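Model, not experiment: these values are computed from the prediction. Residue numbers begin at 1 in each chain, while the letters A, B, ... track the order of the sequences.
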There are 4 protein chains.
Amino acid sequence: MLAPIKSPRKREALGVRSERRVKEILMVARQVFSEQGYEKSTVLEIARSMDVSEATVFSYFTSKRDLCMQVIKVWYDEISSELEREVPLIIGTRAQLHFIVRKHLATLMHEGTGMCKLVLSEGRTVDEEFAEMQADLRRRYTAPLKKVFSTAQRSGEIRQDMPLPLLRDLVYGATEHVLWDYVVTNNKPDIDTTAAQLTDMFWSSLVPLPADLKKLAQFHVEVADALRRLDVPAEGNARIAANAR
Amino acid sequence: MLAPIKSPRKREALGVRSERRVKEILMVARQVFSEQGYEKSTVLEIARSMDVSEATVFSYFTSKRDLCMQVIKVWYDEISSELEREVPLIIGTRAQLHFIVRKHLATLMHEGTGMCKLVLSEGRTVDEEFAEMQADLRRRYTAPLKKVFSTAQRSGEIRQDMPLPLLRDLVYGATEHVLWDYVVTNNKPDIDTTAAQLTDMFWSSLVPLPADLKKLAQFHVEVADALRRLDVPAEGNARIAANAR
Amino acid sequence: MLAPIKSPRKREALGVRSERRVKEILMVARQVFSEQGYEKSTVLEIARSMDVSEATVFSYFTSKRDLCMQVIKVWYDEISSELEREVPLIIGTRAQLHFIVRKHLATLMHEGTGMCKLVLSEGRTVDEEFAEMQADLRRRYTAPLKKVFSTAQRSGEIRQDMPLPLLRDLVYGATEHVLWDYVVTNNKPDIDTTAAQLTDMFWSSLVPLPADLKKLAQFHVEVADALRRLDVPAEGNARIAANAR
Amino acid sequence: MLAPIKSPRKREALGVRSERRVKEILMVARQVFSEQGYEKSTVLEIARSMDVSEATVFSYFTSKRDLCMQVIKVWYDEISSELEREVPLIIGTRAQLHFIVRKHLATLMHEGTGMCKLVLSEGRTVDEEFAEMQADLRRRYTAPLKKVFSTAQRSGEIRQDMPLPLLRDLVYGATEHVLWDYVVTNNKPDIDTTAAQLTDMFWSSLVPLPADLKKLAQFHVEVADALRRLDVPAEGNARIAANAR
DNA sequence: AATGAATGAGCATTCATTCAT
DNA sequence: CATGAATGAATGCTCATTCAT
């Protein structure tokens, strides 16, 4: 099932000079793709941006899609490596979660809305052929968080009644939604604040609620509800609720 | 005398037959767009799928983009209407949240991965010109949840220290990430289970965690007392655990 | 060789009401064609301008080209009729020439650059099939001038050593070139002045120069030339030349 | 960041091979355009006529209109250059006029009715965007005649009571009307005869008609006298006819 | 190693024209 | 008589991709 990669003979014999070229092209391509999006970018434009002919680009990458995927791959590889190196240095599940969330936000926002779009949206469109590669990249990228979570689950630090993928969806979904908001509205949120708030909420979701507290909270909700139904302003309750964090 | 915008063929005063046609085209277009994505779909294919000429399609919609936007708009309008009608019938914030999450999951998964892709990914790509319309649709669509949350915040039922947009990002982000997982892996998760789990986690994030749990206990005692005075037997024993952050 | 006119059965049985319709359409079409030019005009626009469907237009005219040709024909017929009626009322060859030139200028400039363009340029483009009709219209249109000239030639009032068509080319060519200038630059020249000037020049060309005067003029030219070659400023000659009308 | 105008493929740094191609395309395009007219010609046909793909043509010219304009421009440039070089070599205003008229006739008739149509009719239609360029070409093309006339006017050799543009309209208008006749009737007139006749008529229009012919006679007498004093025998008998308006 | 040149395959969009009702 | 609806047939233009040099 592996995409039958048209083995580019040329790629084999790449010397040092060539490696540099590849990186150069990837850099420019990242720039162009993230500015215009995949469909609107043209190989010509990429080539021209580095004073090279289209043909040259095609001698290093088999296709436009290939090039785009490499761009995305580079991005994922970079941040994945960093995560793999840095996360283990953090102590404490919550702190690790916070670190990952913050990093995700920060990295994607760093280059403006461009990479956001590319990784979050365009990357998704670019064809089935690369679906597997995408999945692999994504898997590696989310592995650190997954590891954090599975360890924490095993130790009972976080709730065990939720499937791991769902926890991942919670974290990345919410975080990326924030990023997408940024893309659409172009309002750059404060990274630190947002990361803290997100982590806070995630943590609330993750932490195992002791049965009693849970019951208590539920009770609180129900009473408040009942009061509301009686048209009695539940001022008192509201005040109780208003002092968290 | 300014360049007279050549209005598309007819479009006004649609007869009954025409209305049917419009709907027919929208249906087929939804199908095609959701299967292939916007860029890879061609108007020709849409036309052929309904044994009609390309020109016919263009006599009902001014452009390919117009058509696609209408498709997306119809989808949003439908589900938005339903939400606006149904959510108020639900009693209780948590139940409303659950309803919305479940509905979101169910609706988008209902037609296979197609509409997921279209709404979640393509919908995001299709051009600046429609950005505003997209935003409007989205705004209306998320309005019910927003209202639920803002009401609940005002009453103190959910925490007030989180900005509304972030709460929305939490809910829609996580939910849509689950959906996207479905798109990528093609593993359809169980809707009810997932909705329940997500809601559970969201609720944990949303519920106000009183910093001073003693206050909560005190509240319990007082309410129990009050109830006793009303001859209503109160249940629930408040043993307080101290692990909330 | 006559263009096999697709006999429009409909046209035969046209009642009075229909005649009115035909005229109505022709009016609107003239408007549209002259504003936008043939290629850029659409039947749809013409139809809409009179709140009728495209199909209706086509039930009165076999094709867009037909319609355009009718528009041009109407224009030619109108002005031809007028010329045929009015020219004979004028007395004197020169006055008749002046009248025709002035009328040509005035009529074509009357409706702005639109009809100029249509009659002078678009009319020429619209297809070989109608070439003959065009030629006929043109022939009838130029007939009055031709008659004036042939009469004057026979009587010896104007020179007989020039072929009639060339005289016609002289008059219409120059006049229409003036009109075209107007189309291009959009500077409307004064009709009376221009007509007078053109007629003046035409008349000089037409009038038979008595051999002696001709020789004299030629002599004048040669002497002036010779003087110039000697670098002697021919002030005297210039002064002599400067007092004509 | 303004919408970056996607420059057409190459176009800069044309190699030797390319230059040849450009000329080749221009030649074929001239052929096609002049045979069919702008609107009816298709780039495809031009491409096929030279066994090249449509895309190739578009890689040398940004658009169909661009191509057509280049064709027209080349024609104008060629003849303009020739005129600029040749006219100054001619001695005598009348001879220069004759030369220009003859050249205009000859050049346009040389390639059959094709270039006539293109330059005389299509050239006028092809869009506002190129209006200015057209005007420039035309200006340069008519400049030699204009110069001849303005010099002759200043020296008093031709009448000064007519605006230069009108003189130009007279000459080019009549000449082009002759050409258009050729286009319509396909009867090729004899170039030399026609040029001579036209020039003759033009000259009659241009020559200053002294209001007081006596002055002219007097001038003749004086010059004759002067000549006699130089022992140069003067010919020409001044018998003055009185029919100049 | 680099590229100039060429192109195949598309693709959205327009409109005159037809015809059943 | 009028027309709503449908469409066939073009057409200009774009770009990823190939390949000889």
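In this structure, Val57(D) and Ser63(B) both approach DNA chain E, and ranking their closest nucleotides by distance from the 5' end singles out Val57(D).
By the side chain to side chain contact (heavy atoms under 4.5 Å, CB included) test, Gln36(B) is found to be paired with Val32(B), Lys40(B), Ser41(B), Glu45(B), residues two or more places apart in sequence or in another chain being considered. The salt bridge (Lys or Arg N to Asp or Glu O under 4.0 Å) check on Lys73(B) picks up Asp77(B), with sequence neighbours excluded. Take Glu24(D) and apply the salt bridge (Lys or Arg N to Asp or Glu O under 4.0 Å) test, not counting sequence neighbours, and it matches Arg21(D).
If you take OH of Tyr60(B) and P of dT13(E), they are 18 Å apart, rounded to a whole angstrom. Rounded to whole Å, atom C1' of dC13(F) lies 15 Å from atom CG of Leu44(A). In this structure, Ile25(C) atom CD1 and dA2(F) atom P are separated by 8 Å, rounded to whole Å. Taking atom NZ on Lys40(D) and atom P on dA16(E), their separation rounds to 14 Å, with Å as the unit. In this structure, Phe58(B) places its CZ atom 13 Å from P of dC15(E), rounding to the nearest Å. Rounding to whole angstrom units, CD of residue Glu45(B) and P of dA12(E) are separated by 10 Å. Atom pair Leu67(B):CG and dC11(E):P shows a separation of 15 Å (rounding to whole Å applied). One can place CG of Asp66(B) at 13 Å from C1' of dT13(E), the figure rounded to the nearest angstrom.
Minimum heavy-atom separation, Val22(D) to Phe61(D): CG1-CZ, 3.9 Å.
A donor-acceptor contact under 3.5 angstrom links the side-chain atoms of Glu54(D) to the base of dC13(F).
In DNA chain F, stems built from 3 or more consecutive Watson-Crick or G-U wobble pairs, each with both distances under 3.5 Å, span E:2-21 with F:2-21.
Donor-acceptor pairing under 3.5 Å is lacking for the side chains of Ser59(A) and Thr56(A).
Applying the 4.0 Å criterion to OP1 and OP2 of dG4(F), one finds that Arg21(B) has every side-chain N and O outside that range.
In this structure, Thr42(D) reaches the sugar-phosphate backbone alone: every heavy-atom distance under 4.0 Å involves primed, P, OP1 or OP2 atoms, never a base.
Non-hydrogen atoms lying under 4.0 Å from DNA chain E are contributed by nothing in residues 46-53 of chain B. Against DNA chain E, the stretch residues 26-34 of chain C makes no heavy-atom approach under 4.0 Å.
Considering only side-chain atoms of Lys64(B), the nucleotide from dA16(F), dT18(F), dT13(E) that sits closest is dT13(E).
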